[in-house]
*Asks:* 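Input: one structure, supplied below.
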Amino acid sequence: MEIDPFIFRLSIFILSIFIGYYVVWSVTPSLHTPLMSVTNAISSVIIVGAIIAALSGDNEKIFEIANLYGYLAIILAAINIFGGFLVTQRMLAMYKKKKKREK
Amino acid sequence: MSANLLAIFYLISGVLFILALRGLSSPETSRQGNLYGIIGMAIAISVTILSVGNFSTGFLYLILFLLMGGSIGAFIAFKIPMTAMPELVAGFHSLVGLAAVFVAISAFLNPSAFNLGDPGSIKVASLIEMSLGASIGAITFTGSIIAFLKLRGIMSGSPITFVGQHYLNLALGLVLVSLVFYLCKTQIDTWFWSIIVISFLVGVLLIIPIGGADMPVVISMLNSYSGWAAAGIGFTLENTALIITGALVGSSGAILSYIMCKGMNRSFFNVILGGWGATDQNSKSSSKEQKPVKSGNADDAAFLMKNASSVIIVPGYGMAVAQAQHALREMVDALKKNGVKVTYAIHPVAGRMPGHMNVLLAEANVPYDEVFELEEINNDFANCDVAYVIGANDVTNPVAKTDPQSPIYGMPILDVEKSKSVLFVKRSLSPGYAGIDNDLFYRDNTLMLFADAKKMTEDIIKSL
C-alpha cells in the first residue's frame, strides 16, 4: 500500500505550524511590528505560483487569460516582497542599543 | 531541473524563512534574519523561473512586471512614515490575499500548467485546495481593504452593525461550503466564481463590525488569514516553500491575535463579534456631575520632572497621531542631563498594531534597552516619582481593577496611579476608545496637561 503524497505535504504543514508556534513565541514583543511586515513579505512567496501561471502555455499566445492573472499576481506579490523586506530592513536599522553609559 | 532538486531548493527556502523569524528573537540578530528571508525568497523565485525554463517573450514580461512591482514596493517602503505602519501592513495583506485569488483563478483556468488535470476534470483534492486558497485570499483582500480604510481614517473607526449580522455571516459561510461541494461535483466554473464573489463579501462583513480600538487584533488576524491562504495555494501547487511559509505566517498571526486579546482581557470571539464602541455609552459616565480636575501647564510639568529622580513615560496612540516621538526623546534627553532616570513603559495593545510604539520610539532614536513591556516594568511605578502619560488612556485606567461593571474590567493595565505624581497629556477630558471615563483624571496626584501631545512636550523642553 502506498502513501498518498498529500499526507507528506500535510505532515510538513502540521509540523511547520508547530515550528511557527515556538519560533513566534520567542520573538521579543518590541519586534512585533517588524514580525508582521516580514511575515507579510515571506507569504508573498506565492509569487512562485504566479510565475508558473504566467509562463505556462503556448509561446505564441503569452497573454491568454490564465497567463494574465499570473502576471497580475506577479506585480502584486513583487510589491509585497520588495516593500515588505525593505520596510522591515528600515525598521530594524532603527533599533539601537544605548551608545554610552549614562552617569 | 528535476522535480526532486526543485523540491529541495524549496525546502531550503522554507528553512531560511524559519530562520528569518527566528532572528527576530532579539534586535541584534534581527537584521541577519531579514537577510535570510531575502535569500530564501531569491532562491524560490530563481529556481521557479529555471524550472519553467521558458526564456522567450513571456520571460521578458515577467522581469518587467517583477521590476515594476518591485519599484512600487521599494518606493512605498522608503517613503512611508513610521506612524503609518498599521495602514501599510493592512495594505500589504490585501495584496497577498488578491495574489492568492489570482493564482487560484489561473490554476482553475489552466490546470494542466500545474499538473492538476485538464479543465473540466480537475482532481477533486486540488479543487478543494484551490477553492480554500481563493476563498481565504478573497476574505483577506476585502477585509484588509476595510481595515486599511478604517486605519487611514477614510472610513469611520466606529463599528458598523445591523440586525441579523451574525446570522447572515453564518448563512454565507454555509453557502460557501455548499458551493465548494457543488464545484467538486460538477466542475462548473460559475460555482468557482461565486465562491470568490461571496468570499469578497464575507471579508467586508467580518471587519466592519470591529471598532477602531480593536485594530491590533484585526491586523494580526488578517496576517494569519494571508498565511492560511498561501498554505492553501501551496497544497494546490504541491510546493513545500509555500506550505511551510503559509503555516509559519498563519500561526504567527494567530499568536499575535491571542497576545492582543489577552492584553485587553477579551476573548477572540468577543472581538470578532463586535467592538466596545458598539455598547451604548454608559449612562453613569455621562450623568456624573463635574468632578474637580487639577490641570497645569508646561512649567509645572517641567518643574515636577526636573526635581524627580525617576520618570516613566507611558506612550499611546495619541503620541503617534501627534507625531510626538521625536519631541518626546528630546525632552527625555534634557531630563537625563538633569540626572533624572527615565524609562518607557509599553502596554501590549498601545497603538494600532502589535509593537507599534516600539517602532516609533526606535525611530526617534530611543535605545531599545530603555523600553520595557508591561510585566517588566509594572512594579516600578510604585517607586517612581513621575509618570508621564502621553497619548495613552484606557491602558492606564484603574477601573479595570476595581469596577466589575466596567467593560474593561480584568484588562491588565499599567499601574500608573501608584507613582507619586501623574502627568497626563491629553487634549480634553473625553473618554478613550472604550467609551469609559478614566478615574485617573480625578486623582489627587494627577496633573492634567490639556494640549496636543507634541506641542506640550515641546513647551516642556523650553521650560526645562
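Lettering follows sequence order; numbering is per chain, from 1. In this text the structure is predicted, and so the values were computed from the model without any measurement.
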*Asks:* Within the distance-only criterion (no hydrogens, no angle test), does the side chain of Y71(A) pair as donor or acceptor with the backbone N or O of G58(B) below 3.5 angstrom?
*Replies:*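 Pair found, side chain donor or acceptor close to backbone of G58(B).
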*Asks:* Quick one: pull up CG in N223(B) and OG in S43(A) and give me the separation to the nearest 0.5 Å.
*Replies:*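 So the CG of N223(B) and the OG of S43(A) are separated by 7.0 Å.
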*Asks:* Quick one: does V27(A)'s side chain get under 4.5 Å of R22(B)'s, heavy atoms only?
*Replies:* no
*Asks:* Just give me the residue among L66(B), N239(B), L64(B) that pairs up with chain A most often, heavy atom to heavy atom, under 4.5 Å.
*Replies:* L66(B)
*Asks:* Just wondering, do F17(B) and V45(A) contact through their side chains at under 4.5 Å, heavy atoms?
*Replies:*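 Contact flag for V45(A)/F17(B) side chains = yes.
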*Asks:* Looking at CD1 of I12(A) and CG of L11(B), how far apart are the two atoms once the value is rounded to the nearest 0.5 Å?
*Replies:* 7.0 Å
*Asks:* I'd like to know if the side chain of R9(A) reaches the main chain of I243(B), judged simply by a donor and an acceptor atom lying under 3.5 Å from each other, with no hydrogens or angles considered.
*Replies:*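 No; judged by distance alone, with no hydrogens or angles, the pair does not exist.
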*Asks:* Nearest heavy-atom pair of L35(A) and S252(B): which atoms, and what distance?
*Replies:* CD2-OG, 3.8 Å
*Asks:* Hey, are the side chains of F235(B) and L10(A) touching, using non-hydrogen atoms and a 4.5 Å cut-off?
*Replies:* yes
*Asks:* If you count heavy-atom pairs under 4.5 Å between each of E28(B), M41(B), E373(B), M353(B) and chain A, which one has the most?
*Replies:*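 Looking at each of E28(B), M41(B), E373(B), M353(B) in turn, M41(B) comes out on top.
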*Asks:* To the nearest 0.5 Å, tell me how far I80(B) CD1 sits from M91(A) CE.
*Replies:* 10.0 Å
*Asks:* Please classify the contact between F108(B) and chain A as side chain, backbone, both or neither, with a heavy-atom cut-off of under 4.5 Å.
*Replies:* neither
*Asks:* What part of I14(A) lies closer than 4.5 angstrom to a heavy atom of chain B: side chain, backbone, both or neither?
*Replies:* neither
*Asks:* Quick check on E238(B) against chain A: is it the side chain, the backbone, both or neither that has a heavy atom closer than 4.5 Å?
*Replies:*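 Both backbone and side chain.
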*Asks:* So how far is it from T33(A) OG1 to R352(B) CZ, rounded to the nearest 0.5 Å?
*Replies:* 13.0 Å
*Asks:* Please work out whether the ring planes of F13(A) and W228(B) are parallel, tilted or perpendicular, with thresholds of 30° and 60°.
*Replies:*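 Answer is perpendicular, since the angle exceeds 60°.
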*Asks:* Name the option with the most non-hydrogen atom pairs under 4.5 Å to chain A; the candidates are L21(B), L16(B), N365(B).
*Replies:*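 Max contact count across the listed options: L21(B).
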*Asks:* Measuring only between side-chain heavy atoms, which start at C-beta, is S30(B) closer than 4.5 Å to L31(A)?
*Replies:*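 S30(B) vs L31(A): side chains touch.
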*Asks:* If we define contacts as heavy-atom pairs under 4.5 Å, which of I49(B), L237(B), L62(B), L67(B) has the most with chain A?
*Replies:* L62(B)
*Asks:* Quick one, I219(B) and M36(A) - any side-chain contact, counting heavy atoms below 4.5 Å?
*Replies:*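 Contact flag for I219(B)/M36(A) side chains = yes.
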*Asks:* Which pair of non-hydrogen atoms, one from N110(B) and one from A66(A), has the smallest distance, and what is that distance?
*Replies:*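 Smallest interatomic distance, heavy atoms only, reads CB-CB, 3.6 Å.
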*Asks:* Only counting residues at least two apart or in another chain, list the ones meeting side chain to side chain contact (heavy atoms under 4.5 Å, CB included) with I65(A).
*Replies:*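 Side chain to side chain contact (heavy atoms under 4.5 Å, CB included) check on I65(A) returns Y69(A), L109(B).
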*Asks:* Given that the side chain runs from C-beta out, which part of Y36(B) has a heavy atom under 4.5 Å from chain A: side chain, backbone, both or neither?
*Replies:* neither
*Asks:* Could you walk me through whether F82(A) and F75(B) pass the ring pair (Phe, Tyr, Trp, His ring centres under 6.0 Å) test, one step at a time?
*Replies:* CA-CA 9 Å; F82(A) 282 74; F75(B) 179 77; over 10 Å; no
*Asks:* I'd like to know which of F8(A), F18(A), W25(A) tops the heavy-atom pair count under 4.5 Å against chain B.
*Replies:* W25(A)
*Asks:* Heavy-atom distance under 4.5 Å between the side chains of I255(B) and Y22(A), does that happen here?
*Replies:*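 Of all side-chain heavy-atom pairs linking Y22(A) with I255(B), none is under 4.5 Å.
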*Asks:* What residue, out of L248(B), N34(B), V103(B), T48(B), has the most heavy-atom pairs lying under 4.5 Å from chain A?
*Replies:* N34(B)
*Asks:* At what distance, to the nearest 0.5 angstrom, does OH of Y368(B) lie from CE of M94(A)?
*Replies:* 15.5 Å
*Asks:* For R31(B) and A93(A), which heavy atoms make the closest approach, and how far apart are they?
*Replies:* NH1-CA, 3.5 Å
*Asks:* Of the backbone (N, CA, C, O) and the side chain (C-beta and beyond), which part of I47(A) lies under 4.5 Å from a heavy atom of chain B, both, or neither?
*Replies:*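 Just the side chain, heavy atoms under 4.5 Å.
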*Asks:* Only heavy atoms, only distances under 4.5 angstrom. Which residues in residues 73-80 of chain A are near chain B?
*Replies:*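 Residues A73(A), I74(A), I75(A), L76(A), A78(A), I79(A), N80(A) are the ones that qualify, each having a heavy atom under 4.5 Å from chain B.
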*Asks:* Return yes when atom CD1 of I3(A) has more than 12 non-hydrogen atoms of other residues, nucleotides or ligands closer than 6.0 Å, and no otherwise.
*Replies:*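 Open.
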*Asks:* Got a second to check how far I52(A)'s CD1 is from S51(B)'s OG, nearest 0.5 Å?
*Replies:* 6.0 Å
*Asks:* Would you mind telling me which of L72(A), I51(A), L15(A) has the largest number of heavy-atom pairs within less than 4.5 Å of chain B?
*Replies:* I51(A)
*Asks:* Do N358(B) and Y95(A) come close enough that some side-chain heavy atom pair is under 4.5 Å?
*Replies:* yes
*Asks:* I'd like to know which of T245(B), T240(B), L88(B) tops the heavy-atom pair count under 4.5 Å against chain A.
*Replies:*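 Ranked by contacts with chain A, first place is T245(B).
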*Asks:* Crowded around K337(B) NZ? As in, over 12 foreign heavy atoms under 6.0 Å?
*Replies:* no
*Asks:* Name the one of I38(B), V249(B), L24(B) that satisfies side-chain contact (heavy atoms from CB on, under 4.5 Å) with V38(A)?
*Replies:* L24(B)
*Asks:* Go through the atoms of I17(A) and report whether side chain, backbone, both or neither lie under 4.5 Å from a heavy atom of chain B.
*Replies:* both
*Asks:* Which atom pair, heavy atoms only, marks the closest approach of A247(B) to S16(A)?
*Replies:* CB-CB, 3.5 Å
*Asks:* Do N40(A) and V96(B) come within less than 4.5 Å of each other through their side chains, counting heavy atoms only?
*Replies:*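 Yes. Closest side-chain heavy atoms under 4.5 Å.
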